[in-house]
Every structure is written in C-alpha cells, then in structure tokens.
2 protein chains.
Amino acid sequence: MTTDRKTTTIQDVARIANVSTATVSRALSAPDKVSEGTRARVSEAIRATGYTLNQAGRSLRQRSAKTILVAIPDIRNPFFSLILDAIEREAASRGFGVLVLNLYFGHETVRRLQDFLLSNRADGLLLLDGSVDMHMLRELAEQAAEIPLVVACEEIPNSGFHTVLTDNVEAAERATQHLIDLGHRKIAHLVGPDHNVVARERLVGYLKALNRAGLPALPEWQLRGNFDMESGFAASARFLGVADRPSAVFAANDEAAIGFLSGLRNHGLICPRDVSVVGFDDLGVAAHYAPPLTTMRQPRETLGRMAAEALIDLVENPGVIAAPLRIVLRSELVVRESTSRAQIQVTAKAAEIVAS
Amino acid sequence: MTTDRKTTTIQDVARIANVSTATVSRALSAPDKVSEGTRARVSEAIRATGYTLNQAGRSLRQRSAKTILVAIPDIRNPFFSLILDAIEREAASRGFGVLVLNLYFGHETVRRLQDFLLSNRADGLLLLDGSVDMHMLRELAEQAAEIPLVVACEEIPNSGFHTVLTDNVEAAERATQHLIDLGHRKIAHLVGPDHNVVARERLVGYLKALNRAGLPALPEWQLRGNFDMESGFAASARFLGVADRPSAVFAANDEAAIGFLSGLRNHGLICPRDVSVVGFDDLGVAAHYAPPLTTMRQPRETLGRMAAEALIDLVENPGVIAAPLRIVLRSELVVRESTSRAQIQVTAKAAEIVAS
DNA sequence: CGGCCGCATGTAATCGATTGCATAAACCAA
DNA sequence: TTGGTTTATGCAATCGATTACATGCGGCCG
C-alpha cells in the first residue's frame, strides 16, 4: 500500500504519532513505560507507515545482533540437518537469527569465525564439531574470551567451554554390548576419522565393551574410515580380507554402516545372516534401509534445542552462568534387523579364543 | 595479546596511526586512495590494536548487511543440504554471510521473511521452495518490490522472479521414459504433495511420457504422498491393493522411493524383479541403497551455486539485470539396479491394453 | 611566474535506534 | 496548600563506520 522508496524510520513514525522518537522506541521495546493512549497512536502510526525496525541501527547502539552463528563441519552431512533444524526453531522462537558457516580447516577458518563474532554480526557461537583442532580453539578462546560459546556434539577436554553432548563412550559401549549379547565374539569396528573426538570416543567405548566381556580386540578389526558411505564401502573390502573374519561390526556412524552394508552385498554377503551391523545416529534412512538398521539414536532435536537454549541464555544474560555448563544426553539403542544372534559355530569358535 | 574489554574502533586505529578515521576507512575499503606510507601505518595500527570492523556500523551507513537470507521449507530434508552447502560456499567466497530460515506456512512466515529483509539484516532472499503459496508470494512481492530475490528449485509462474531451476517436467518425462524403454507398460507414480509446484511438474512429466507412448494412465496408479519416506512406505500398501498392479513405479523423489521400496520388501516383493522403481534427486544414499537406486540426479551444487551467484550479483549491482533471469539446468538419469526389463508376460498384457 | 589540476587527507554530517538525564504533569499525603 | 514522589515524555548524545565536501600541497603547462 505505502510506497517504501525511502525506508521509513522511527522518525517518520514519531512525526505521524506526534511524539518523540524516544517514545516510539519505548513503545516498541518497553510498552509498559508509555501511556495507553500514546501506545495506540504509535501502533497506528506504525501500521500506517509500514515501519519496520532497522536492525543495523539497533545493533549498533545495543551492541547485539540478535543472531547466533552456527559452525558446522559439513552441512551436507544429514546428521547435522536435524540439529540445525532444532537450533533454528529454538532461535526463531526467541527472536534470534541463525547464520550458518561451513567449517573448513586451517586458521583461515578461525579468522572467519572471528570476523563474524568480533564484528558484531553474531552474538554467540554454537560449534557443532568433532574435528576442531586444538590450535584453532585455543586461538579462538583467547581472542574471544568474552564471547558466548557453546560446543555441541563434542567434548573439548579441559576447555572450560559450555557443552551439550551425548555420552559417546557409553553409547558405543552399549552398542557393542548389544552385539556381545547376541553372542558375537569377534566384533569389528568402523572407526571414524582420526582427528575427530567423537570418533575416538566411540572407539574407546567399543574397546571398553570388548574388554569388559573379556573378548579379543585385534587391531586389524579396527577399520579406519571417514564417517561417510564411501569409506564404509571401502572398508568392506578390507573387512573381507581379514584372516579370522568377525561376525559383527559396530560402525561409528550410520553412513559408514550403510556404505559397509552396500559393500558387503556387492561381495555376496548377507546382513544379518553373515554379518551383523550396528550403526550410530539413527539417520532417517536407517529405518527404511534394507535391512532396517540397528543403531544408536542420538536425541538430535533435543541436543540442538538445548544447545541453542544454552547459548541464547548466555547471550541474554552474560555472566550469570558461573560454572561451565555440561549437559549430557542419553542415546537410545534402536534394534532393527541388521543384527541377529551369532551362528552357533561362531560362538563355539569364539569360546575357544576366549579360553586360550 | 591485547585485551579487548572495550571493543577497538576505527577511532583507536586512527589515533595510533596518526591519521583521521576517514583515512583508515579508505585504507580498508579503497586502498588505492591512500598513499603507500599511510597504508602501511594503518595496517600496522590495525595489527597492533587487533581491530575488527563493526559490521553494524557499516551496515547502518551503507544500508547493506553483506548477508543473504536462505529460506528453506524443511532443513531436515537432505535434498536441501547440498544446495545449502553450495550456497554457503559461494556466499562465503564473496564475503557474504548466510542466514537460514525454516519456512513454516501461513502469513506468519511472510512476516518473518519481511522482518529480516526490511530490517536490513539481509540484503536479499533466496527462496528454496516448491510449496510457497501464492498469497504469500504476492504479499512478499508487493512489500518488498525492491528486494533482490531469487527463487531456486521451483518455478513460480508469471511471477517475474529470477529463477534457477531444473526442468522437472522434462526430467520426469525422461525418468518415466526410462521405464517405458525397459518394456514397462503399467507404470505408477508416487505423487508429491498437492501444493508443491515441483510435485505437480513431475506428475505432468510422468503423464506426458505415458501419453506420448500411448500408454494408459489410470488414476489409481497415482499414489499421493508427501516427499518423505513414511509416505512412500504408506503408498506401498495402497500399491499392493491396486487391481491391475503396475510393474514399475516412478517416485517423485528418492525419499518416497526408498520408503516405498522398504514397504515392498515388507510385503515380500523384490525390486527390481517384481517392481522397477526410479527415484528423483540422487540423494547420497541412493547409490548405496539395496538395491542401488535408479534416479534422476539434479545438479544440486550447481543449482545452489548459481542461485547464490545470481542473488549476490543482484545485490551488488541492483538494476543491471533487466529481464527476469531464468536459468534451467539439466538433470541426469543415473541408472542403477532398481530398474530392470519388464517380464515378458507383462509386456504382452500391456500390449493388449494398448491395443484395446 | 601564475593558474590549474589532481592527489592525499581531514572535517563533519550521516545512517537509525536507544537511553541517560531533564522536565513537566499528575498524584498523593500531610 | 505544599512538598515530594511517580509517571510520561522529550532532548540530545551515542553507537562505529562511511563519504560528500573542503583543504592544502606539489607539479605541470602555458
């Protein structure tokens, strides 16, 4: 209706409502400080002009951007999309925008993060990453000591950062235990990337479970990979070459598991008849894969929501949180059809090994 | 090193470098307008103070936020993540930030978009959506006539918006044709959601292919769904109930295809022996599904990149693009193992139908 | 030698909203 | 009535960077 050739400012509203800009501003951000009549006039003037607040002006004055920065190692990874979704919902409900940033490595990355944070484009940082190198983080922490920061999905030991995550060690242990409970005695693990904290934790959990059950943990059963389907696929070839082939595999994530299963099938092996496989994450496709994938479900929505909540709390009242926050969520084993009881002869054979 | 209790401003840099703020500003944004010596002193002062530019100040003055807004119908949908990734890369390389916004429906959504755009938080809008209702768009277009807008993935007829998309009709036709070429004569279609333009286009392509081949297009072969696995799964049950059961299915997207396949398997049918299925999108999992999925691959990275490019061009020099831009990309049929030649008897039967 | 040009830099207004302080009006209690 | 308190509002400074305009200076040409 109104032409907005020139953006309408708070001045225009003030003029039309016959009040000062201060009053308009107050009518918007502290309505109880202006009288009812004035408030009505201001509302009317706003409607008439089609005024929208200029965030840049407000940001400049208030030193806050009403925006959080979400740094993601790889947006393409479907694991993150649910989390991002939850973050966006939570942020939106609290009036915050969400800037996303793909993390590449090297200190160029740090510069970009800094740029956003120190330049008042974002009020806080939500770091979704299991692969940040320490150098980078130290730099970031030094330069941005005052900046609200929450790390999600991942633990950065001794960092003192606020953290929202799942207990990967424990969950990996339970996933492995599930295979043990089914009678498997030789269990391989598709390990995630070396530099990834989460991958390392899952490896630890896997080893703990084996250890506790008194089962062997041969190094050649640890198949290195990359958290993606291709590397899972590649791992399957190596798996076939292992001398004393395991009857079960715990994959560090669902993508690797799926790639692995796809590779197995290529080689004529059938899951779960020949090999049981348990994944991690419960991606959407897990329930509809062939076979439906047994996996550890991370509470991704909750994780994203709580991380965003914590970060925004931090932004809104800085300093109230004394001790570093540490929220640990529990993952849930979802048993589907990619795991089954070990064959008898396998169990017997394993028993010998254990006995020796 | 330096304590940044008080943010350092351009004033601080100016004082230390012994120049005016104007010179510092110029040294940063138009280096060739200051002498070499001065430039060096400014650089040194910047380094010494650890200065970073305050984007809010710049935005306010320049009326630009160096940020684009990407509106996504559903971030969780893995189809969008690759596109978002490409957008983010392109934007980053041109110094732009990316704000993401989940689209919900109703006019609340429009208000949120407007808020971002009119409040100078974002300079332009990239709309990734096949489900925007017309009412919303009309409103948006009216209120934000001056705002750079690029629609990706989707065509909004007669809108005059800049558009980057694939030819869904043609691609759907080719996907269907692939099934026809394999000898299938009764071909069902998993239709996407009603309100979705893309879904409608793919339906049209499917019908065109059938029509051109002189094949029947029974209404009960059009199984309505929602672009997600659950609805594909649900569709499989209805599919089994169809009287004269088709030997092939063209699914409007890979997720529906996967859900459908999962349902088929539940009912004891084997793909492609009993039913051939072709999907759309080529999600990452398609290649590793069981069976690997035949599908139309959309050039998602290219699409995202080009859309971002176009939008940022528009933002950076408004008005230079006279006619509405319209970029149409070609999809590519990826043949894998979920489609195979129709059984002889099916072909014969279909021939009768055709003849009748 | 004088006038003109252009380069490097400075001065100060400006972008739009917020907010500390001042002021005026209204209200209340004594 | 008066002094004091509360409430509503206005004035003007402020956030930090950009930029139109002004200035001064050196060089060049006639």
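Convention: sequence-line order gives letters A, B, ...; per-chain numbering from 1.
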- Message: Expressed as a whole number of angstroms, how long is the span from B/Q11:CD to D/dG16:P?
- Response: 8 Å
- Query: Are any of the side-chain nitrogens in A/R94 or A/D313 under 4.0 Å away from the carboxylate oxygens of its partner?
  - Reply: yes
- Query: Given A/V70 and A/F80, is the side-chain contact (heavy atoms from CB on, under 4.5 Å) satisfied, shown in steps?
  - Reply: CA-CA 11 Å; A/V70 179; A/F80 291 111; over 6 Å; no
- Can you find a side chain N or O atom of B/S25 that sits less than 4.0 Å from OP1 or OP2 on D/dT19? no
- Query: Within this structure, what is the CZ-to-P distance between B/R58 and C/dG16, rounded to whole angstrom?
  - Reply: 18 Å
- Message: Is the phosphate of D/dA8 approached by A/T23 (side-chain N or O, under 4.0 Å from OP1 or OP2)?
- Response: no
- Run the numbers on B/E301 and B/L82 for side-chain contact (heavy atoms from CB on, under 4.5 Å), then give the verdict. CA-CA 6 Å; B/E301 307 87 339; B/L82 241 182; 3.7 Å; yes
- For the side chain of B/R61 and the base of C/dT14, is some donor closer than 3.5 Å to an acceptor across the two? yes
- Let me know the distance between CG of A/L60 and C1' of D/dC15, rounded to the nearest Å. 4 Å
- DNA chain C: 5'-proximal contact among A/L28 and B/N18 (nearest heavy atom): B/N18
- Ion pair present between A/E44 and A/R41, side-chain N to carboxylate O less than 4.0 angstrom? no
- N/O (side chain, B/S20) to phosphate O (OP1/OP2, C/dG10) under 4.0 Å: yes
- A/T9 side chain: which of D/dT18, D/dG10, C/dG16 is closest? C/dG16
- Query: What about A/R26: does its side chain form a donor-acceptor pair under 3.5 Å with the base of D/dG10?
  - Reply: yes
- Item | side-chain N/O A/S35 vs D/dT9 OP1/OP2, d < 4.0 Å | yes
- Item | N or O in side chain of A/Q55 less than 4.0 angstrom from C/dG16 OP1/OP2 | no
- Choosing from D/dG16, C/dT11, C/dA8, which nucleotide comes nearest the side chain of B/T38? C/dA8
- side-chain N/O A/R63 vs D/dC15 OP1/OP2, d < 4.0 Å: no
- Using a distance-only test with no angle check, is there a side-chain donor-acceptor pair under 3.5 angstrom linking B/T67 and A/R121? yes
- Task: For A/L53, report the nucleic acid contact type (base, sugar-phosphate, nothing); a contact means any heavy atom under 4.0 Å.
- Result: sugar-phosphate
- Message: So B/V19, base contact, sugar-phosphate only, or nothing? Heavy-atom distance under 4.0 Å.
- Response: sugar-phosphate
- Return the value, rounded to whole Å, for the distance between atom CD1 of B/I10 and atom P of C/dA12. 17 Å
- Query: Could you state the CG-C1' distance from A/N120 to D/dC15, rounded to the nearest angstrom?
  - Reply: 10 Å
- Message: Tell me the interatomic distance from A/K66, atom NZ, to C/dA17, atom P, rounded to whole angstroms.
- Response: 16 Å
- Query: Given atom NZ of B/K33 and atom P of C/dG6, what is their separation to the nearest angstrom?
  - Reply: 14 Å
- Task: For residues B/A152 and B/L126, report the shortest heavy-atom separation together with the two atoms involved.
- Result: CB-CD1, 4.4 Å
- Between A/T21 and A/V34, the residue closer to the 5' end of DNA chain D by nearest nucleotide is A/V34
- Task: Mind calculating the distance between CD (B/Q62) and P (D/dC15) to the nearest angstrom?
- Result: 20 Å
